[in-house]
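What follows is a single structure, written as structure tokens, with notes after it.
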Amino acid sequence: MDDLELQIKSTIRDVPDFPKPGIVFKDITPLLSDVQLSKSITISLADHWQNSGIDVMVGIESRGFMWGHSLAQHLEIPFVPIRKKGKLPAESHSFAYDLEYGSAEIEIHKDAIMGGQNVLIHDDLLATGGTAIGAAELVQISGGKVAGFSFIVELSFLSGRNKLASYSDVIHALSTY
Ligand code: AMP
């Protein structure tokens, strides 16, 4: 484990039984409060992804916006938000998927990605992979190519990584549990 991963893990706050019993929620808000650590995260992500041929960064609402946007700025590429249904104002593509309980629907603006662009998908955390797959589907519907996935945290015991491999096997997480 490198120094940055150690720092991330010692700063993230585990909140048991949130949002429901049995889930240990990885609260990243203490990372946002630590200015130096927050900067180090952006720089480390940028070091990892620079020269990867990424044209566009997609961030998933809402915690995927935090480092997703700062990473896009460092890489000097556009940032595109994926939002929950009904939030985006202009014409959008939608994708619905099942959650453990119930379902979710996410959207992307139709004009956000140009055909053939290489797209990096970023979120704070990879759990079962359902959310990242939804984002990958939206990128493909938009005509983009999924060039990789980026996370701050990966919960490897949930094996989300295996499900993402059919979209891209370029999967990077700064810290793994
Ligand atoms: P999944 O679709 O199962 O991979 O879940 C990933 C999404 O749900 C991400 O947007 C996370 O922010 C959120 N999430 C899932 N599990 C957790 C957890 N244990 N702690 C914090 N966020 C989580």
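The figures here come from the full heavy-atom set of this structure, side chains too, leaving out hydrogens, waters and symmetry mates. Whatever order the structure lists ligands and atoms in, that order sets their numbers, starting from 1. The residues of the chain are indexed from 1 along the displayed sequence.
With respect to atom 5 (O) of ligand 1, the closest heavy atom belonging to the protein is Ala127 CB, 3.6 Å. Among all non-hydrogen protein atoms, the one lying nearest atom 14 (N) of ligand 1 is Leu125 CD2, 3.7 Å. The protein non-hydrogen atom at the shortest distance from atom 19 (N) of ligand 1 is Val24 O, 3.0 Å.
In the model, Ser175 has no side-chain atom that pairs as donor or acceptor with a side-chain atom of Glu5 under 3.5 Å.
Close approach to Gly129 involves these atoms of ligand 1, each under 4.0 Å from a residue heavy atom: 1 (P), 3 (O), 4 (O). Annotation for ligand 1: atoms under 4.0 Å from non-hydrogen atoms of Leu155 are 19 (N). Heavy-atom contacts of Asp124 reach the following atoms of ligand 1: 9 (C), 10 (O), 11 (C), 12 (O) (cutoff under 4.0 Å). Set against the non-hydrogen atoms of Arg63, the atoms of ligand 1 under 4.0 Å away are 11 (C), 12 (O), 13 (C), 22 (N).
Within the 4.0 Å heavy-atom criterion, both parts of Thr131, backbone and side chain, lie near ligand 1. Contacts with ligand 1 closer than 4.0 Å are made by heavy atoms of both the backbone and the side chain of Lys26.
Side chain of Thr131 to main chain of Gly129: no donor-acceptor pair is present (N/O by atom type, distance under 3.5 Å, no hydrogens or angles). A donor-acceptor pair is defined here as one N or O able to donate and one able to accept, closer than 3.5 Å; such a pair exists between the side chain of Asp17 and the backbone of Gly22.
Two residues are said to be in side-chain contact when any heavy atoms from C-beta on lie closer than 4.5 Å; Ile121 and Tyr167 fail this criterion.
Using a 4.0 Å cutoff on heavy atoms, Ile60 does not count as a contact of ligand 1.
Residues Lys87 and Glu61 are not paired through a salt bridge, judged by the lack of any N-O separation under 4.0 Å between the basic side chain and the carboxylate.
Relative orientation of the His172 and His48 rings is parallel, given thresholds of 30° and 60° on the angle between their planes.
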